[in-house]
Amino acid sequence: QVQMVESGGGLVQAGGSLNLSCTATGGDLSNFVMGWFRQAPLNMRIFVAAITANGRSTHYIDSVKGRFTISRDDAKNTVFLQMNNLKPEDTAVYSCAAARYNDYIRRAREYEYWGQGTQVTVSS
């Protein structure tokens with residue numbers, strides 16, 4: 001059974017950086033789309049970024065373009081989210097996920113496997 005575990009969250013001041021990691025065990029996800037979603041208190045979970053198999057293309061929500069970078073290391077079954085110039089509105093629980101297909105990769109329901117999430121808090 002595939003399990004995904006995030007790490008790298010924490011508390012950072014506005015303008016700071018964090019690098020989230022998500023490692024999968026129990027299966028080879030090299031042919032999966034890997035994505036990051038976030039959910040702030042009292043808000044719905046929203047798409048943040050995704051990277052297709054072999055890193056051919058990346059996708060970002062507009063509010064993080066130019067600040068966040070998604071990447072993957074298939075040899076380690078790991079996906080990363082480098083977050084720079086963090087803002088208080090980036091505060092949320094960040095979860096990684098894996099989807100089999102490239103269609104509708106901004107939709108959470110397209111993702112088959114999920115991690116438990118890691119808290120990111122940005123202070124002003």
Side-chain angles (χ1 to χ4, degrees):
Q1 182 175 353
V2 173
Q3 292 188 327
M4 303 177 73
V5 179
E6 301 94 341
S7 62
L11 173 64
V12 65
Q13 288 187 333
S17 298
L18 287 172
N19 189 22
L20 304 184
S21 299
C22 171
T23 299
T25 58
D28 178 6
L29 299 186
S30 60
N31 291 323
F32 281 65
V33 174
M34 302 298 290
W36 286 95
F37 290 76
R38 69 186 183 189
Q39 186 170 16
L42 304 180
N43 283 279
M44 294 180 62
R45 182 165 54 190
I46 64 170
F47 169 82
V48 176
I51 185 167
T52 56
N54 294 323
R56 291 192 181 101
S57 63
T58 57
H59 306 262
Y60 299 93
I61 191 173
D62 285 348
S63 61
V64 307
K65 285 181 180 178
R67 300 190 297 123
F68 291 12
T69 302
I70 188 170
S71 60
R72 62 192 298 162
D73 183 344
D74 290 332
K76 297 180 179 179
N77 240 10
T78 299
V79 61
F80 304 95
L81 186 66
Q82 176 67 43
M83 306 186 295
N84 297 327
N85 190 21
L86 282 160
K87 303 176 180 180
E89 52 264 42
D90 295 318
T91 295
V93 174
Y94 285 71
S95 299
C96 63
R100 290 184 184 271
Y101 307 109
N102 288 346
D103 301 324
Y104 309 112
I105 59 176
R106 295 172 183 258
R107 295 183 185 177
R109 65 171 182 254
E110 301 298 320
Y111 288 77
E112 182 173 343
Y113 302 114
W114 288 86
Q116 292 297 312
T118 185
Q119 176 70 46
V120 171
T121 303
V122 184
S123 63
S124 57

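We number each residue from 1, following the sequence as shown. All values derive from a computational prediction rather than experimental measurement.
Remark: of the listed residues Asp90, Val12, Asn19, Val120, Val120 is the sole one forming a side chain to side chain contact (heavy atoms under 4.5 Å, CB included) with Met83. Shown are Ile51, Ile61, Val64, Leu20; of these, the side chain to side chain contact (heavy atoms under 4.5 Å, CB included) with Trp36 is made only by Leu20.
Contacts of Ala92 classified as side chain to side chain contact (heavy atoms under 4.5 Å, CB included), with partners at least two apart in sequence or in another chain: Arg38, Ala40, Tyr94. Partners of Asn54 according to the side-chain hydrogen bond (donor to acceptor under 3.5 Å, both in side chains) rule, which considers only residues two or more places apart in sequence or in another chain, do not exist here. For the salt bridge (charged side-chain N to carboxylate O under 4.0 Å, His left out) test, residues two or more places apart in sequence or in another chain that qualify with Lys65 are Asp62.
Residues Thr23 and Val5 are not in side-chain contact: their nearest non-hydrogen atoms beyond the backbone lie 4.5 Å or more apart.
Under 3.5 Å, the side chains of Thr91 and Thr121 contain no donor-acceptor pair of N or O atoms.
One N or O on the side chain of Tyr111 and one on the backbone of Ile105 form a donor-acceptor pair closer than 3.5 Å.
Classified by interplanar angle (parallel below 30°, tilted 30° to 60°, perpendicular above 60°), the ring pair Phe37/Phe47 is perpendicular.
Atoms CG and CZ, from Asn85 and Phe68 in turn, are 9.0 Å apart once rounded to the nearest 0.5 Å.
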Quick one, Val79 with Ile70, criterion side chain to side chain contact (heavy atoms under 4.5 Å, CB included). Give me CA distance, side-chain angles, the key distance, then yes/no. CA-CA 7 Å; Val79 61; Ile70 188 170; 3.9 Å; yes
List the steps, then state whether side chain to side chain contact (heavy atoms under 4.5 Å, CB included) holds for Met34 with Leu29. CA-CA 8 Å; Met34 302 298 290; Leu29 299 186; 4.2 Å; yes
